[in-house]
Amino acid sequence: MRKPITRRDALCRIGTGFGMTAFAGLASSVARASASTRGVLDKLHFKPKAKRVIFLLMNGGVSQVDTFDPKPKLAEYDGKPMPGEPIKTERKTGVLLRSPFTFKKYGESGIEVSELFPHVGECVDDICVIRSMVTDIPNHEPSLLMLNTGHTQLGRPSMGSWLTYGLGFENENLPGFVVLCPDQPTVIGPPLWSNAFLPAIHQGTFITDRVPKKEKSFDPGKLIPYLESEDATGLEQRRELDLLEKLNRMHMERQMEEDSQLDRAIQSMETAFRMQTEAPEVFDIRKETEAVQKLYGPGSTARGCLMAVRLIESGVRMVQVYYAKGDPWDAHFDIYEHRRNAQDSDQPFAAVIKDLKSRGLFDDTLVVCATEFGRTPVMETGGGMAGGRVVNGRDHNPFGFSIWLAGAGIQGGMTYGATDDFGFKAVENPVHVHDLQATILYLLGIDHEKLTYRYSGRDFRLTDVHGNVIHDILA
Amino acid sequence: MTSTYQLGLDYSAKNFEMDPANRLYWRVNRRRLDAESIRDSILFVSGALDPTLGGASLDLQDTKNVRRTVYSRVSRFRLHEYLQTFDFPNPNITAETRFTTNVPLQSLFFMNSEFVKSNAERLVYRLFEREPLKDEEVEATWLDEASTGEKIREAYPLLYGREASHEEIEAGSEFLAKGEGLKVWTQYARVLLSANEFRFIN
């Protein structure tokens, strides 16, 4: 039974203002080192397979029985109540609903993937599908927080923050952790890529990759707000920045003790200056050949995926690509909505794998394609916004869902774990989100139990006090 | 107001040794101004701020909007990039407290935004007690007449609530000497607005 969080606790843990003071108080050299772009781990715990991560997040809850977890029994029992004890999820559910999508075997491994993801299906020999994922709470906010920060409540550092904290920045002119989405993903937003109590430098940089309807063509300079200077040349800006830094350092000296907030603000000016030249270059997907652009296809997810590959190629440690704002995969009422989302995502996701290979990055880049929870094999009835009019959808399901991994250190062409006959609960080799996180860290050379940060009286880590590495899926 | 709430940021070696994280609140924590206060402060020191209370909200995109930021429209659908950049919370949910981030995008705002540039220019006009003119072709000969040091000394109390130090006047004068006219003064004013001291308060 989880102890309720008091308001005081929440305040202490959430505002990075409080957290920063705690950091400033630590006089250890470890703390000081982590305020720079060097990672806090001098030596990795394991030999790393991956150097960087592309995390494709299909936010909203993807239905496994309609995508990566075929259930023939579901078709057999279509329209009938599910045998056994009813399992309570977020909303009211009714009888079993068969998948309207057909599954097909792909590749040499013969893994079955639904018609929603044919391109990904073609790459199935490079992919490991985990069909027995489990999470704790059947709702978006806590589950997204769990997936990103290892805890169902606000106030913990995100995966990307832990990674840059531990491993450091490969390219100092770019942010170490980038989050791409056409708008603000879901109702949470910043806490999903927040550094929480880790030093401010480890916060994810959120960039919307939406092209406004007014713009005829795509302009990378417009992606990051305020990226271009109207009046000052590079040299003139440099002069301004030099004076600014001088004044800021004088100000810091007067404070008598180190303040990492101020220090970080000074550093971020420098990064911003360099970003002006480097970032548009990296974000400019128009620089890619037509062949590459065609590989990804059209649309915002495609742009995001291509950008992600370019970013990690330039040294960004982790890039997360959300599908869209809100909970786009959240098909409570009509499972056919999955088709539209899949149309936007399928080709780009496969392109990421293919493109990484052709750039020679596949073997040391980890690709994760996940969702925060799955969907029920039973249909959703009543309640919700549609008032029960449309009954062709599925409710949230934290008890069993599918994700896939590819790339560095991952054994391709395999499935791991299984759900019951109807695809509701994980029954074979359940994998909790913490286990996934432990495995991701392991592939990057980090022992998830050892990358910790002392805050508020105890050592925190991404996996909290849980998590086991799943060695069976590693090559 | 409690006595704790009224505490300042003064450093005490003894207290720092006992409680470096300031968990027992022997002083206030330095904090960054929130999005509204930053924009309001910039408008205030440049003299542009319209202090009218009440009335209909305005759009932040509108360059003629010089009212306090609390009077700006907040879109739940697409939060204005200025607000987003400075940690305005997601308007779709309640926010118990705001996150305070410290990222290059904020620096870019100070370096490159039209808002900061135009207010920096206004600040120059204010320091020299001139009415801002629309026409950029103006020679601004009055700039050469004034004493640089004197104007820097006037700027500091206005922006930071304190006297400028000797080093600061020197650094500023050196910067201004290497440039020309309204342009270099605007750049200098922009530096003053971008300084940590302007947005991190005690």
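Hydrogens, waters and symmetry mates play no part in the numbers below; they use all other heavy atoms, side chains included. Note that this is a predicted model, so its numbers are computed, not measured. Naming: A, B, ... by sequence-line order, numbering from 1 per chain.
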- Part of A:Met250 within contact of chain B (heavy atom distance under 4.5 Å): side chain

- Message: Less than 4.5 Å to any heavy atom of chain B: does that hold for the side chain of A:Ile266, its backbone, both, or neither?
- Response: both

- Item | Contact class of B:Lys178 relative to chain A, heavy atoms under 4.5 angstrom | both

- Atom CD of B:Glu17 with >12 non-hydrogen neighbours under 6.0 angstrom: no

- Note on the structure: When rounded to the nearest 0.5 Å, the distance separating OG of B:Ser194 from CD of A:Glu240 is 7.0 Å

- Return the option, out of A:Glu245, A:Lys246, A:Met269, A:Arg274, with the maximum number of heavy-atom pairs under 4.5 Å with chain B. A:Met269

- Query: Within a reach of under 6.0 Å around CD of B:Glu163, are more than 12 heavy atoms found that belong to other residues, nucleotides or ligands?
  - Reply: no

- Message: Any heavy-atom pair between the side chains of A:Arg254 and B:Glu197 that's under 4.5 Å?
- Response: yes

- Side chain, backbone, both or neither: which part of A:Leu247 has a non-hydrogen atom closer than 4.5 Å to chain B? side chain

- Item | Distance (rounded to the nearest 0.5 Å) between A:Asn248 CG and B:Asn196 CG | 3.5 Å

- Part of B:Thr186 within contact of chain A (heavy atom distance under 4.5 Å): neither

- Rounding to 0.5 Å, atoms CG (A:Leu244) and CZ (B:Phe175) come to a distance of 10.0 Å

- Checking A:Gln276 against chain B: side chain, backbone, both or neither under 4.5 Å from a heavy atom? side chain

- Message: Is B:Tyr160 in contact with chain A via its backbone, its side chain, both, or neither, using a 4.5 Å heavy-atom distance?
- Response: neither

- Message: Nearest 0.5 Å, please: how far is CD in B:Glu168 from CG in A:Leu243?
- Response: 10.0 Å

- Task: Answer whether the closest heavy-atom distance between the side chains of A:Arg239 and B:Val184 falls below 4.5 Å.
- Result: yes

- Message: Does any backbone or side-chain atom of B:Phe200 lie under 4.5 Å from a heavy atom of chain A? Answer side chain, backbone, both or neither.
- Response: side chain

- Item | Heavy-atom pair count under 4.5 Å with chain A, highest-scoring of B:Arg190, B:Glu174, B:Arg31 | B:Arg190

- Message: Testing the basics here: between A:Ala265 and B:Ser107, what is the closest heavy-atom pair and its distance to 0.1 Å?
- Response: O-OG, 4.3 Å

- Task: Tell me, for A:Gln237 versus chain B, whether the close heavy atoms (under 4.5 Å) come from the side chain, the backbone, both or neither.
- Result: side chain

- Is the CZ atom of B:Phe44 crowded by more than 12 outside heavy atoms at less than 6.0 Å? no

